[in-house]
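Heads up, the thing below is written out as structure tokens.
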Amino acid sequence: MILSKLKTSLDSPVSYVLGKDTDAFLLNDLLGKKIKLSWTGIIECVKCQKHTKKSFGEGFCFTCFQSAPEASPCILRPELCRAHLGEGRDLVYETTHHLQPHIVYLALTDVVKVGVTRKTQVPTRWIDQGAAAAIILAETQNRYQAGMLEVAMKELYTDKTNWRKMLLNTTGEEVDLSEEKWQAHDQMPSDLANFWVENDDITHINYPVLIYPELVNSLTFDSQPNIEGVLTGIRGQYLYLDEKNVLNIRRHSGYEIAFNA
Ligand SMILES: [Zn+2]
Ligand SMILES: [Zn+2]
């Protein structure tokens, strides 16, 4: 199969599916069992399907990384989005994906972080980040507005996740996200206040992890084509093998692998 990001459903715990169609595996059923992922050496660009020696971003060949709308700078930095001005790498893509309602949120990953996502990506985006909990701060009409709000919030909160700490589950459960939300409100620029969402519902997310390790060791197919071990957990887009070895599936989008369970 060609790897793509794990598909998730917000069950308790989260359900994870690897692969698709007839080649799909519900990973929750494989917890506690030995699995093996063997890379064939092939990487297929997730955009143009051409083989590439190296992948850029999350599974792009170099050409697509530089030209595909899915890899444009406003994906990582929403404040750079120009869709509202009728500009961008691909106007159809920008209109469909970025001239749409967006959410600014606080998520509890290893710390409280601020983030932006398209409204339809809630709660998928939170699960992909491995958040233990999340709360919506604001809803905007487009990606640019959400980006500007995020920039304002960056004085209070990071927009990065320390994935190692997230995987060790060092999150302080005592954090009250609704309290954080109203502190954030006081700091918000007044021109962006219209987008604030009053609803204080917190989404809690449980991951299928049998036992959290004390330290993690990150594996990649580039340094180790055959990866195997007992599947001891899944969080964010990571598999835990033999507790401490972790494999980021999303990072290997486009890699062709044989999967054995
Ligand atoms: Zn390509
Ligand atoms: Zn954009």
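In each ligand, atom 1 is the first atom listed, and ligand 1 is the first ligand listed.
Counted by atom type alone, N217 and N245 present one or more donor-acceptor pairs between their side chains at under 3.5 Å. A donor-acceptor contact closer than 3.5 angstrom links the side chains of R143 and H102. No side-chain donor-acceptor contact under 3.5 Å links R250 and Y238.
Annotation: protein N, O or S atoms under 2.8 Å of the Zn ion (ligand 1) (waters excluded) comprise C45 SG, C48 SG, C61 SG, C64 SG.
In this structure the side chain of V104 never reaches within 4.5 angstrom of the side chain of I136, judged on heavy atoms.
The aromatic rings of Y93 and H97 sit parallel, their planes meeting at an angle under 30°, below the 60° perpendicular limit. Aromatic ring pairs are classed by plane angle as parallel below 30°, tilted from 30° to 60° and perpendicular above 60°; the pair Y144 and H84 is parallel. Aromatic ring orientation, Y105 versus W126: perpendicular (interplanar angle above 60°, classes split at 30° and 60°).
Legend: protein N/O/S atoms lying under 2.8 Å from the Zn ion (ligand 2), waters omitted, number 4.
The cluster map of Ile, Leu, Val, Met, Phe, Trp and Tyr, joined by side-chain heavy atoms under 4.5 Å apart, puts L210 and L231 in the same cluster.
Figure legend: cation-pi geometry between K244 and Y240 absent, as NZ or CZ is not positioned both under 6.0 Å from the six-membered ring centre and within 45° of its axis.
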